[in-house]
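What follows is one structure encoded as structure tokens, with my remarks underneath.
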Amino acid sequence: VLGFRALQRSSLPYLSASSEMAPRPTSVSYISTRGGASGLTFEQAVYEGLAPDGGLMIPEEVPDVSSMWKAWATLSFHELAFEIVSLYCTEAELPTKDLRELMKRSYGTFSHADVVPTVKVGDLHIMELFHGPTFAFKDVALQALGNLYEYFLKRTSKKLTVLGATSGDTGGAAIYGMRGKENVECFILFPEGRVSKVQQQQMTTVLDNNVHCIAVKGTFDDCQDIVKALFGDLAFKREACLGAVNSINWARIMFQITYYFYTYYRLFPHCDGTMSFSVPTGNFGDILAGYYAKRMGLPVKNLIVATNSNDILHRFFESGSYDKHPVQATCSPSMDIGISSNFERYLFYLFGNDANRLAKAMSGFKTTGKLHVSEAELAQARNDFLSGCASEDAIMGLLKVWDTQHGYTLDPHTACGVHAVNVLREKMKWQDIPKHEVVVLGTAHPAKFNDAVCKAIGRQPVMPPALAAAQDLAARFEVLPNSANCVREVIERVLKRAPASQAPTLRMVICGARGLRDADWVPGTGKSDPYCICEVLARPDATKVETPVINDTCNPTWDHEAEITGFQPGDVLVFKVYDKDVGKSDFLGTVSLESEKFYPGGFEGEVPLADGGKGIEAFLKLKIPSVPVESGSSCSICYTGLCLAIFGKPHKA
């Protein structure tokens, strides 16, 4: 009989371990870590994201598969995902046939047959989680979550507004999971200037009408606070039908449990060993999935929390103090996080499932930025997790050493995981444990952080063609202050927008630039990367686009198409050119173009950049096609009558 290791124990009938599949539970319910919500179904928990009381949703019971997990050893990844997910929802909510198809479709988008292959390097194993559409581990959960949302929405005819914050990888994975989904609007917040250029391009070049990227002037923690504030506004949450893609959503954690089991089976096909996992960790979601896998019965010896210089988690496991510090910008930006949202789920278990105590502790932390545990609780936490912290020098050194000694290119985040193993290696003496393997989670493709990797190993990492293709595409995003109200206004504006036919789209081609050689540009070094941002003056509701204007040989890049939606006659286009060095952007110059010069007849030529203080004389090359209009006496373009005020006549062919 398959039982449950439960928060509140119950007995449910199950089939034998030799069955073709694990039996589905007859009921599953979800609760909030802070006690303000209980009895939610799986579907309700997925939609809820953040609980109404500010807590996180968790299953009331954690399945114990220790009596039959060995029967899964030969399953493919999508078959194994089905078995695990089926234990967290009922047949009535997600019928077996539908769930199987959903999992198969979700992982059919990965480029490797194993979905998450494992590669041995030295005496360690790297679990390569970067073979999905956006080359990061977030794809494993977000491809499935996108399909899950779509499935629920079609069944109920609801509409959903997905809202997420990203330190780099969640955004791209969420966008690729949600793009083009019917009845879904997707809003992704990222900290301006604190994600890699590759990550930003991957997000902002997806121009599907339901995708909206917002650069927030602040840190990832600020973005995350905005998301939590809007989810905490229950009236707005209901009105906008908010749904979460961050790992505050329980489904994110659930889907990630699969690859811990899958990797174990690849290394121990006879299920006769133990395994330790070192997990690069910022928001505590990835390693929390490993914690659930261990609770379910997977023979895990150690779970290693690997942080960068933003080490709130490492400091907790060292001292028992969970105290907020300012966020430092590092070469591993996806882990530049000061508050680890998912840590609350672990604290629930550490506090003996005491929701009231956790609610008080989190309330105090929100006020003071400090949370401390008892000596006994710290001892338990150290029994559950080990930890290690990697400095910038340690990360860069490991990238170089692994490239030289092993011929393997790490990304900076995965290097944190390797560093933590090296620090703990002598203490834990894993090499003396029979039938034991250590796995480091490879969380992203190194090409997503090519500046840092190139600095460490002296050359650019090989970039997958699909990733390279996004680097020269026109981008679209908005820049907003660190304000929940500003983000709310954008969401409300989009949800209430007029039909597309009521807002003409202005198409343009940014052909490149000349004269930028005089900027601090060193050909072939990648030191700087001139790019152009185009926006509509004083019209935050119109689209902002970004595109490069010069390439690595100092020659202009050609024919970067861009679209401005929401444009109206009388608008002024503003082109701002920057020279992006590593970690900063220098302003080179700007030019404004009034609509009378290009609308509706078009424009082609060079426009001079007003000097931005660099002492250069440069020109931006533009081509704006004429706007097609219908013949006749009435205006069929602007719909507003502004043409009469500006040109004295309606638009005509």
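Numbers here are sequence positions counted from 1.
With rounding to the nearest 0.5 Å, the separation of OG1 in Thr96 from CD in Glu91 is 3.5 Å. Here Ile188 contributes atom CD1 and Asn246 contributes atom CG; the two are 7.0 Å apart, rounded to the nearest 0.5 Å. One distance of note links CZ of Phe316 with CG of Leu350; it measures 5.5 Å at 0.5 Å rounding.
For Arg34 and Glu344, the salt-bridge test passes: some basic side-chain N is under 4.0 Å from an acidic carboxylate O. Lys435 and Asp272 are joined by a salt bridge, as a carboxylate oxygen and a charged side-chain nitrogen come within less than 4.0 angstrom of each other. For Asp123 and Arg425, the salt-bridge test passes: some basic side-chain N is under 4.0 Å from an acidic carboxylate O.
Contact check for Leu441 versus Tyr259: side-chain heavy atoms found under the 4.5 Å cut-off. Contact annotation: the side chain of Met296 approaches that of Ile257 to within less than 4.5 Å [non-hydrogen atoms, C-beta and beyond]. For the pair Gln202/Tyr176, a side-chain contact is recorded, criterion being any heavy-atom separation below 4.5 Å from C-beta on. Val162 has its side chain within reach of Leu160: a pair of non-hydrogen atoms, C-beta onward, lies under 4.5 Å apart. Side-chain atoms of Lys138 and Arg252, non-hydrogen and from C-beta on, do get closer than 4.5 Å to each other. The side-chain heavy atoms of Tyr265 and Trp69, taken from C-beta on, include a pair separated by under 4.5 Å. In this structure the side chain of Ser334 never reaches within 4.5 angstrom of the side chain of Phe220, judged on heavy atoms. Counting heavy atoms from C-beta on, the side chains of His372 and Tyr322 never come closer than 4.5 Å.
With hydrogens and angles ignored, the 3.5 Å screen pairs no side-chain donor or acceptor of His325 with any backbone N or O of Asn310. Side chain of Arg24 to main chain of Cys89: a donor-acceptor pair is present (N/O by atom type, distance under 3.5 Å, no hydrogens or angles). Between the side chain of Ser106 and the backbone N or O of Lys104 there is no donor-acceptor pair closer than 3.5 Å. A donor-acceptor pair is defined here as one N or O able to donate and one able to accept, closer than 3.5 Å; no such pair exists between the side chain of Ser29 and the backbone of Gly39. Within the 3.5 Å criterion, the main-chain N or O of Gly338 finds a donor-acceptor partner in the side chain of Asp221. Put simply, the side chain of Asn249 gets close to the backbone of Ala244: a donor and an acceptor are under 3.5 Å apart. Judged purely by atom type and a 3.5 angstrom limit, Thr414 uses its side chain to pair as donor or acceptor with the backbone of Thr443. Judged purely by atom type and a 3.5 angstrom limit, Glu437 has no side-chain atom pairing as donor or acceptor with the backbone of Leu124.
The ring pair (Phe, Tyr, Trp, His ring centres under 6.0 Å) test with Tyr264 singles out one residue from Tyr260, Phe261, Phe268, and that residue is Phe268. Exactly one of Leu303, Leu313, Asn342, Ile304 qualifies for a side chain to side chain contact (heavy atoms under 4.5 Å, CB included) with Ile287. That residue is Leu303. Exactly one residue among Thr166, Thr134, Asp169 makes a side chain to side chain donor-acceptor pair (under 3.5 Å) with Gln199. That residue is Asp169.
Within 6.0 Å of the CD atom in Glu375, the count of heavy atoms belonging to other residues, nucleotides or ligands does not exceed 12.
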Check the pair Ser341 / Gln224 against side-chain hydrogen bond (donor to acceptor under 3.5 Å, both in side chains), numbers first and verdict last. CA-CA 9 Å; Ser341 291; Gln224 192 164 239; 2.9 Å; yes

The test is side-chain hydrogen bond (donor to acceptor under 3.5 Å, both in side chains); show your working for Ser276 and Lys301 and say whether it passes. CA-CA 5 Å; Ser276 294; Lys301 182 168 181 59; over 6 Å; no

May I have the step-by-step check of salt bridge (charged side-chain N to carboxylate O under 4.0 Å, His left out) for Arg266 and Glu128, ending in yes or no? CA-CA 13 Å; Arg266 301 286 75 74; Glu128 293 188 341; over 6 Å; no

Could you go through the ring pair (Phe, Tyr, Trp, His ring centres under 6.0 Å) check for Tyr291 and Phe385 one step at a time? CA-CA 9 Å; Tyr291 176 73; Phe385 297 95; 5.7 Å; yes

Assess whether side-chain hydrogen bond (donor to acceptor under 3.5 Å, both in side chains) is satisfied between Glu83 and Ser86, documenting all intermediate values. CA-CA 5 Å; Glu83 295 292 345; Ser86 69; 4.5 Å; no

Go through the steps to decide whether Glu318 and His314 satisfy the test side-chain contact (heavy atoms from CB on, under 4.5 Å), and finish with yes or no. CA-CA 6 Å; Glu318 287 285 297; His314 176 62; 3.6 Å; yes

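Between the side chains of Thr41 and Glu93, a donor-acceptor pair is found at a separation under 3.5 Å. Side chains of Gln143 and Asn147: a donor-acceptor N/O pair is absent below 3.5 angstrom, by distance only.
Minimum heavy-atom separation, Gly285 to Gln256: O-NE2, 3.8 Å. Nearest heavy atoms, Pro461 versus Ala447: CG-CA, 3.7 Å. Pairing each heavy atom of Val373 with each of Leu371, the nearest pair is CG1-CD2, 4.2 Å. The heavy-atom pair separating Met57 from Ala51 by the smallest distance is SD-CB, 3.6 Å. Nearest heavy-atom pair, Asn283 versus Ser247, reported as atom, atom and distance to 0.1 Å: ND2-OG, 3.8 Å. When all heavy atoms are compared, the tightest approach of Asp139 to Gly132 is OD2-C, 3.3 Å.
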